[in-house]
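In what follows, chains carry the letters A, B, and so on, assigned in the order in which the sequence lines appear, proteins first and then strands, with residues in each chain numbered from 1.
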Protein chains: 2
Amino acid sequence: MHPTFQHHDHSHCAGDSLARAEALMAERGARLTPVRKRVLEILLEAHKALGAYDVLQRLAAEGYGNQPPVAYRALDFLVEQGLAHRIQRLNAFTACMHAGETHAPAFLICDRCATVAEAPVAPIRAALEAAAAEMGFAVDRVSLEATGLCPACKDAA
Amino acid sequence: MHPTFQHHDHSHCAGDSLARAEALMAERGARLTPVRKRVLEILLEAHKALGAYDVLQRLAAEGYGNQPPVAYRALDFLVEQGLAHRIQRLNAFTACMHAGETHAPAFLICDRCATVAEAPVAPIRAALEAAAAEMGFAVDRVSLEATGLCPACKDAA
DNA sequence: TCTTGACCTGTTATAGTATTACATACATAG
DNA sequence: CTATGTATGTAATACTATAACAGGTCAAGA
């Protein structure tokens, strides 16, 4: 079973990701400011996809600005830097579990508990790009999202 | 090159799809009412992804209700019946070019002209489901959307 | 040191997307 | 004919996202 779906020490995996993020940003000369860092933490702690307004609410409760752009800007930054992903289907955001590694994930979204896992699908993406190329279409960005039931919710049902 | 990207007699392909839709609905005992049919026609005529409010505006101009639910209900119906697809990335809808055939399309969305083509990717979907199954995840629905440049816009650029 | 310029944050206002809830009409089976 | 399910119309509202501008911070160079 995939780690995301297993019981695991969550504070540990979140801490790891955060440390990796800080290292990456330092390396790139990008600024992981307090708001941005806090947003990343929020996403990591939640361990599921959060809407921009969910994030905003938490930020506001901690004394940061409480207007939408505050959340959207931080989220956009994280997405640009590959520290988070946007889940189109949910109008929501989730922390990236493999920041730094170049990866082409598919997202598996549980309909019941909203957990989001990243599945590695590099070959699938290559196949899609090949198919598109045959049609004369030049692919820029791909989003691959599947909904269904995660192992836990499947057992519960 | 893929037919969607070629110059073609558009009223013809639209008429075809409409006839196929009516046959399908009759077969299933589902009701392709005037609003629903008109919405499908609108999507077919546009031949690109339209937002719900674009559709609504056209409906209203023809004497149908002019409140959002009128458009959303018809669109939801068409999507359920497989006569249209929702393009998450654009918050928009497009007529299905292969209604009735079971298919698992990927959508190729041109960033410049917003044309949307369906690429056949059944094997890709199968590969994804296999990968998900290995993680214990039961896939229900998949959405696979790529943005980039269609042949025409690529040449123009 | 001072200034400049780039970038980040905050705020107001507004645009765009979607749903809830309820009332009315319409078709078909009994 | 009438009861039932389904479709449509409308009002109100919720949710998601962006534009535009003001003020603050910080580092590089004069």
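- Protein atom CZ of A:F77 is 11 Å distant from nucleotide atom C1' of C:dC7, rounded to whole Å.
- From the 5' end on, the contacts that DNA chain D makes with chain B at under 4.0 Å to a non-hydrogen atom open and close at D:dA7 to D:dA11.
- Computed from coordinates, the B:R73 CZ to C:dA21 P distance equals 14 Å when rounded to whole Å.
- By the 4.5 Å heavy-atom criterion applied to side chains, B:C96 and B:E118 are counted as neighbours.
- Under the side chain to side chain donor-acceptor pair (under 3.5 Å) criterion, A:R58 pairs with no residue at all, not counting sequence neighbours.
- A distance of 11.5 Å separates CD1 in A:I124 from CZ in B:R125, rounded to the nearest 0.5 Å.
- Legend: residues meeting ring-ring contact (aromatic ring centres under 6.0 Å, His included) with B:F137, ordered by chain and number and at least two apart, are A:F5.
- Residue pairs meeting the ring pair (Phe, Tyr, Trp, His ring centres under 6.0 Å) criterion with at least one partner in residues 15-61 of chain A, sequence neighbours excluded, are A:H8-A:H47, A:H10-A:H47.
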Side-chain donor/acceptor pairs under 3.5 Å, residues 18-42 of chain A, sequence neighbours excluded:
| from | atom 1 | to | atom 2 | distance (Å) |
| --- | --- | --- | --- | --- |
| A:E22 | OE2 | A:K37 | NZ | 3.4 |
| A:R28 | NH1 | A:Q81 | O | 3.0 |
| A:R28 | NH1 | A:Q81 | OE1 | 2.8 |
| A:R36 | NH1 | A:R31 | O | 2.8 |
| A:R38 | NE | A:E62 | OE1 | 2.7 |
| A:R38 | NE | A:E62 | OE2 | 3.3 |
| A:R38 | NH1 | A:E41 | OE1 | 2.7 |
| A:R38 | NH2 | A:E62 | OE2 | 3.0 |

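- Straight-line distance from the OH atom of A:Y72 to the C1' atom of C:dG10: 17 Å, rounded to whole Å.
- Rounded to an integer number of Å, the gap from NZ of A:K37 to P of C:dT9 is 14 Å.
- Not counting sequence neighbours, the partners of B:F107 by the ring-ring contact (aromatic ring centres under 6.0 Å, His included) test are B:H85.
- Nearest approach of A:V121 to A:P105, heavy atoms of both residues: CG2-C, 3.8 Å.
- The shortest distance between side-chain heavy atoms of A:P68 and A:L56 falls below 4.5 Å.
- In the helix from C:dT1-D:dA30 to C:dG30-D:dC1, the end axes, each obtained as the rotation axis mapping the C1' atoms of four pairs onto the next four within a five-pair block, lie 10° apart to the nearest 10 degrees.
- The CG atom of A:L108 sits 10.5 Å away from atom CD of B:E129, with the distance rounded to the nearest 0.5 Å.
- Remark: A:Q88 CD to A:L90 CG distance equals 10.0 Å, nearest 0.5 Å.
- Minimum interatomic distance between A:C150 and A:C113 (heavy atoms only, all atoms of both residues): SG-SG, 3.8 Å.
- Scanning all heavy atoms of the two residues, the minimum distance from B:L128 to A:A146 falls at CD2-CB, 4.2 Å.
- Contacts between residues 38-69 of chain B and DNA chain C, defined by a heavy-atom separation below 4.0 Å, involve B:Y53, B:P68, B:P69, listed by number.
- Within residues 84-93 of chain B, the residues approaching DNA chain C are B:R86, B:N91, by heavy-atom distance under 4.0 Å.
- Near DNA chain C, meaning a heavy atom under 4.0 Å from it, residues 18-34 of chain A has A:R31, A:T33 in order of number.
- Sequence neighbours left out, not one pair with a member in residues 140-155 of chain B passes salt bridge (charged side-chain N to carboxylate O under 4.0 Å, His left out).
- Judged as a salt bridge (charged side-chain N to carboxylate O under 4.0 Å, His left out), not a single pair has a partner in residues 66-80 of chain B (not counting sequence neighbours).
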